[in-house]
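Reviewing the structure listed below.
First listed ligand is number 1; within each ligand, the first listed atom is number 1.
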Amino acid sequence: MNSEKLVRLERMGLGPVWQLRARADKPVAVVDATEAVALDAADFSGLDWEELEATIRDCARCGLCRGRTHAVSGIGDRHASWLFVGEGPGRSEDLEGEPFVGPAGKLLDNMLKAMQLARGVDTFIANIVKCRPVDADGRDRPPVHNEVAACRAFLQRQIDLIKPTVIVALGKTAATSLLGLNEETSLSSLRGEPHSYRGIPVVVTYHPAYLLRKPEDKAKSWRDLCLAQSLHDER
Ligand code: URA
């Protein structure tokens, strides 16, 4: 570990690290399963960026649209070599229309900084679902299967347009949705080795909101980011 990296780790407030290996507040209804299966087959492969963003903005493919202030399509460089994928917008993101602008977003920005990256510069940040999922008490919640299915084709088209070199999946929902795995798959079983999305390497790490609650796992997350960096650099 060189001293430059140690300085960056200090900035992130991290402890010991591993060495790099080889290289709206309203509750809303959701679509039923039958409807979601049909929605899942949606194909946006002919859309350019403007058409895709307009389609996301006007989307009513699941019940999440009814509670949203903004659909949050994503932000960044449309030719980025890095794609970071989160779960779905929270309250701040719904209000501002941009992903990861709340407390978890501040940590994500610090993680990017530690990798000598920055929001919007060779990076694109998107979510599995584009509208904020809330529970019956108006609190953020993870998207359910049908909502993920209804939104999947949007992220697929974003990835096809961006053609990232590496994708970093932030948290279990992002990882299992992206990789088409059973929702019960544990995050720990997915960390530490590269996966693949249509030939693009995918590295799974903790969601920044989890790291805010469990800062002692930041060092493990740094290890994941180092793996992603090595995959990025070798391509
Ligand atoms: N959490 C996410 O997964 N995505 C966001 O945009 C904000 C918080």
What atoms of ligand 1 come closer than 4.0 angstrom to any heavy atom of [X]?
X: Glu87; value: 2 (C), 3 (O)
X: Pro99; value: 6 (O)
X: Gly86; value: 3 (O)

Would you call Glu53-Arg78 a salt bridge at under 4.0 Å N-O?
-> yes
So, are Asp140 and Arg132 salt-bridged, with charged N and O less than 4.0 Å apart?
-> yes
According to the salt bridge (charged side-chain N to carboxylate O under 4.0 Å, His left out) rule, which pairs have a member within residues 179-191, sequence neighbours left out?
-> Arg191-Asp224
Please name all residues satisfying salt bridge (Lys or Arg N to Asp or Glu O under 4.0 Å) with Arg57, sequence neighbours left out, ordered by chain then number.
-> none
In Leu179, Leu231, Val166, the residue satisfying side chain to side chain contact (heavy atoms under 4.5 Å, CB included) with Val202 is Leu179
May I ask whether His207 places a heavy atom under 4.0 Å from ligand 1?
-> yes
Consider ligand 1: state whether an atom of it lies below 4.0 angstrom from any non-hydrogen atom of Gly88.
-> yes
Compare Val85, Asp94, Asn127, Ile75 and give the one whose heavy atom is closest to atom 4 (N) of ligand 1.
-> Asn127
Which distance, rounded to the nearest 0.5 Å, do you find between the CZ of Arg157 and the CH2 of Trp49?
-> 9.0 Å
Ligand 1 and Phe100, any nitrogen or oxygen pair closer than 3.5 angstrom?
-> yes
